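Written below as C-alpha cells is the structure these notes are about.
It should be emphasised that the depicted structure is a prediction, and the values quoted were computed from it without experimental measurement. Labels below follow one simple rule: chain letters A, B, ... track the order of the sequence lines, proteins then strands, and each chain is numbered from 1.
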Number of protein chains: 2
Amino acid sequence: MPLDLVEVTNSDGEVRGTSAPGYDPAAYPPFGVTVDVVIVTLDAGELKVLLVRRGEQPFAGEWAVPGGFKQPTETLDDAARRELQEETGVDAEALLVQLGAYGDPGRDPRMNVVTVAYLAVLRELGDIVPGSDAADASLHPVADVIRGRVSLAFDHERIVRDAIERIRRDLETTGLATAFVGPTFTLSELRAVYEAIWQVELDGANFRRKLVGEDGWVVATGKRSAPASEGGKPPELFRVGSAWKSGAPIRRPRRSARGLR
Amino acid sequence: MPLDLVEVTNSDGEVRGTSAPGYDPAAYPPFGVTVDVVIVTLDAGELKVLLVRRGEQPFAGEWAVPGGFKQPTETLDDAARRELQEETGVDAEALLVQLGAYGDPGRDPRMNVVTVAYLAVLRELGDIVPGSDAADASLHPVADVIRGRVSLAFDHERIVRDAIERIRRDLETTGLATAFVGPTFTLSELRAVYEAIWQVELDGANFRRKLVGEDGWVVATGKRSAPASEGGKPPELFRVGSAWKSGAPIRRPRRSARGLR
DNA sequence: GCAACTATTAGTCCTGTCGACCAATACAGC
DNA sequence: GCTGTATTGGTCGACAGGACTAATAGTTGC
C-alpha cells in the first residue's frame with residue numbers, strides 16, 4: 001500500500017503538515033531516515049567488513065550493515081559517530097566519511113526509509129559487541145560480499161559495493177591509507193594496505209623511495225619494530241607526515257605486469 | 001519546538017508508526033526528504049550556478065538551489081532528474097551525480113528535513129522558467145556565492161561550496177570536463193573548461209599533444225568551427241572519445257608559475 | 001588584393017618521475 | 001657461524017610533461 005496520503009501529526013494531534021502555510025501537505029510525505037555505517041578494516045591481510053545479524057523485522061536473521069535511525073537533534077555525522085561508537089566502542093581515530101544516500105522505493109518493505117551511508121575505516125577492532133537490536137556481529141571478507149557469497153538485507157549489498165569502490169578510489173587521492181595503520185607503522189605494513197585493496201604488488205624499494213623523500217609523507221621515529229614472522233631485518237617505525245592531508249603518494253598501477261595476484 | 005513525540009498517520013487516521021511491530025515508534029521520527037540540484041554551467045568563460053528566488057516560506061524572497069520533496073514512489077535519482085527537468089527543461093545529456101546528504105538539525109526551521117544534494121553539469125541552459133514555487137530564476141557566478149556576496153537560504157551556501165569542490169576534484173579524475181561542452185567542440189573550448197574551473201592557464205600546444213594521442217580522448221570529426229571573435233585559424237572540431245569513461249587526460253597543475261590569474 | 005593579426009598546430013629540448021632491477025645490509029633462528 | 005628473510009640503498013632507462021619556438025592557415029581591416 002502506498003503512503004501517498006499521509007499526514008504528519010505531533011503528540012497533541014495537531015496536523016503539522018497542513019498547518020504549515022505555503023506547504024502542500026501531500027508534497028512532503030514522511031520518511032524514516034537511517035544512518036548505516038560500513039565499518040572496514042584490514043584483518044590478516046584481507047579487507048573485511050563488520051556485519052550484524054538482524055534480530056528484528058524486517059530481514060530478521062539476515063546479515064546487514066550496522067545502522068539506526070537518525071534523531072532530529074543530531075547531525076548526520078553525529079548519528080554516524082554514535083552508531084560506530086555503539087557498535088565497536090571506537091570513537092575517534094576512525095576515518096568517517098559520508099558515502100551517499102539511498103532511497104529507492106521499497107528498499108524497506110515497511111515504510112519509506114532513506115538511509116545515509118557512511119564509511120568508517122579502522123585500524124583494529126576491539127571486542128565486537130552486538131547492539132541491542134542485533135543477534136550477532138562479526139567481520140566478513142569483503143570479497144564474499146562482493147561476489148554474492150553472503151547476501152545482505154535491504155540494499156546493503158550495493159552499499160558495501162559502493163564503499164569498496166570508494167576506498168579504492170580514495171586510496172589514490174587522499175590520505176585514506178594511513179587510517180588502516182596504527183600511530184606508528186613500518187613501510188611494509190603501509191604497503192600491504194595498498195596491495196590488499198588494489199590487489200597489486202608494489203616494489204618495496206620504490207615504495208620507500210617515494211615516501212621517504214623530502215616531502216612529508218612519513219616521519220621516521222628512530223625506533224624499530226620486531227622483525228617479521230620468518231626473521232629478517234627489523235624494520236624502521238614511521239608515523240604519518242603532514243603531506244597526507246592534501247594528497248596521496250602513490251597512484252594505482254594501471255597496466256602492471258607484476259600486479260596480477 | 002522539538003518534534004520528538006511525533007507519530008505518523010495515514011489518511012485513515014491509523015497510526016502507522018506504532019502499528020508496525022518490532023519498531024519503537026519514538027525511534028523513527030518522521031523527516032521530510034528533499035532533493036536539491038546544483039545546476040552548474042559555463043557562461044561567458046565563468047562558472048555559474050542556477051539559483052531560484054523562493055516564493056514561499058521559509059526563506060521567502062531569498063536565493064536558493066532549486067529542489068523539492070522526494071516522492072515515495074520515485075528513486076532519489078529520479079527525483080533529481082525530475083527537478084532538473086522542471087527547472088530547466090533539460091532531460092538527458094546532463095551529468096547528474098549525487099553530492100551527499102545534509103541533515104543538520106534546524107536547517108529547515110519548520111520541520112525535520114534531510115536533503116540529498118545533486119550536481120548537474122550542463123553545457124548550455126535554454127530558457128530558464130521559474131518553477132511554480134519560485135519567484136525568479138537566474139544564473140549567478142559561483143564566485144559570488146563562494147565569497148558570500150550572495151547569501152542563500154537554508155544551508156545551500158555550503159552545498160554550493162561542496163559542489164564546486166567536487167567539480168574541481170572530479171575534473172581531475174573523471175570525464176566531467178566533457179559535460180561542459182557540446183557534442184562537438186574545439187580544443188580551445190575544452191581547454192577553457194579546465195582554465196575556468198581550476199583558475200590556471202594551460203599551454204595550448206601541450207594540451208593538444210596530450211589529447212590528440214593514440215589514446216581515445218578526442219576524435220577528429222574533420223570539420224572546422226568558425227574562427228574566434230578576432231579572426232584566426234578556424235579550429236578543428238572534435239567529439240569525445242571513449243577514454244573519458246575511465247579517467248581524465250590532464251591533472252591539475254600543482255605549483256604552476258604561469259597559472260596565477 | 002595586401003598587410004596585419006590571431007589562434008591553431010607542429011616540433012624540440014629538457015627535466016623530473018617512476019618502474020624494474022641489482023646489491024648490500026641487518027637481524028632471527030638453527 | 002651459517003642460512004634465510006626482509007629491509008634498505010643505488011643505478012639505469014623509458015616516458016610523460018612543462019616551457020618554448022616556429023610554422024601554418026585562416027580572418028579582418030584597409
request  = Identify which nucleotide among D:dG17, D:dG18, D:dT8 has an atom closest to any side-chain atom of A:Pro235, counting heavy atoms from C-beta outward.
outcome  = D:dT8
task = Taking only the side-chain heavy atoms of A:Arg208 (C-beta and beyond), determine which of D:dC20, D:dG9, C:dA10 contains the nearest atom.
result = D:dG9
task = Please state how far atom CG in A:Leu211 lies from atom P in C:dC18, giving the value in whole angstrom units.
result = 11 Å
task = Specify the separation, in whole Å, of atom CG of A:Leu237 and atom P of C:dA26.
result = 18 Å
request  = Can you tell me the distance, in whole Å, between the CG atom of A:Asp215 and the P atom of C:dG16?
outcome  = 14 Å
inquiry  = Between B:Gly204 and A:Pro249, which residue's closest nucleotide on DNA chain C lies nearer the 5′ terminus?
reply    = B:Gly204
query = If you measure only the distance, is there a donor-acceptor pair under 3.5 Å linking the side chains of A:Thr115 and A:Asp36?
reply = yes
task = May I have the distance from B:Glu195 (atom CD) to C:dA7 (atom C1'), rounded to whole angstrom?
result = 13 Å
inquiry  = Using whole Å, what does the distance between atom P of nucleotide C:dG19 and atom CD1 of A:Ile250 come to?
reply    = 8 Å
ask   = Quick one: on DNA chain C, does B:Arg251 or B:Arg191 contact a more 5' nucleotide (nearest heavy atom)?
value = B:Arg191
query = OP1 or OP2 of D:dA16 sitting under 4.0 Å from any side-chain N/O of B:Lys210?
reply = no
key: Short side-chain to backbone donor-acceptor contact, A:Glu195 and A:Leu202, under 3.5 Å   = yes
inquiry  = Tell me whether A:Glu165 is salt-bridged to A:Arg161, with the criterion being a basic N under 4.0 Å from an acidic carboxylate O.
reply    = no
query = C:dT9, D:dG9, D:dG26: which one has an atom nearest the side-chain heavy atoms of B:Ala205?
reply = C:dT9
ask   = Separation of B:Asp203 atom CG from C:dA10 atom P, in whole Å?
value = 14 Å
request  = Kindly say whether, by distance alone, the side chain of B:Arg209 makes a donor-acceptor pair under 3.5 Å with the base of D:dG17?
outcome  = yes
ask   = Would you call the rings of B:Phe185 and B:Phe238 parallel, tilted or perpendicular if under 30° counts as parallel and over 60° as perpendicular?
value = tilted
message = Expressed as a whole number of angstroms, how long is the span from B:Tyr194:OH to D:dG17:C1'?
response = 15 Å
inquiry  = If I take atom CD in residue A:Glu201 and atom P in nucleotide D:dA6, what distance separates them, rounded to the nearest angstrom?
reply    = 12 Å
ask   = Salt bridge or not for B:Arg123 and B:Glu189, using N-O below 4.0 Å?
value = no
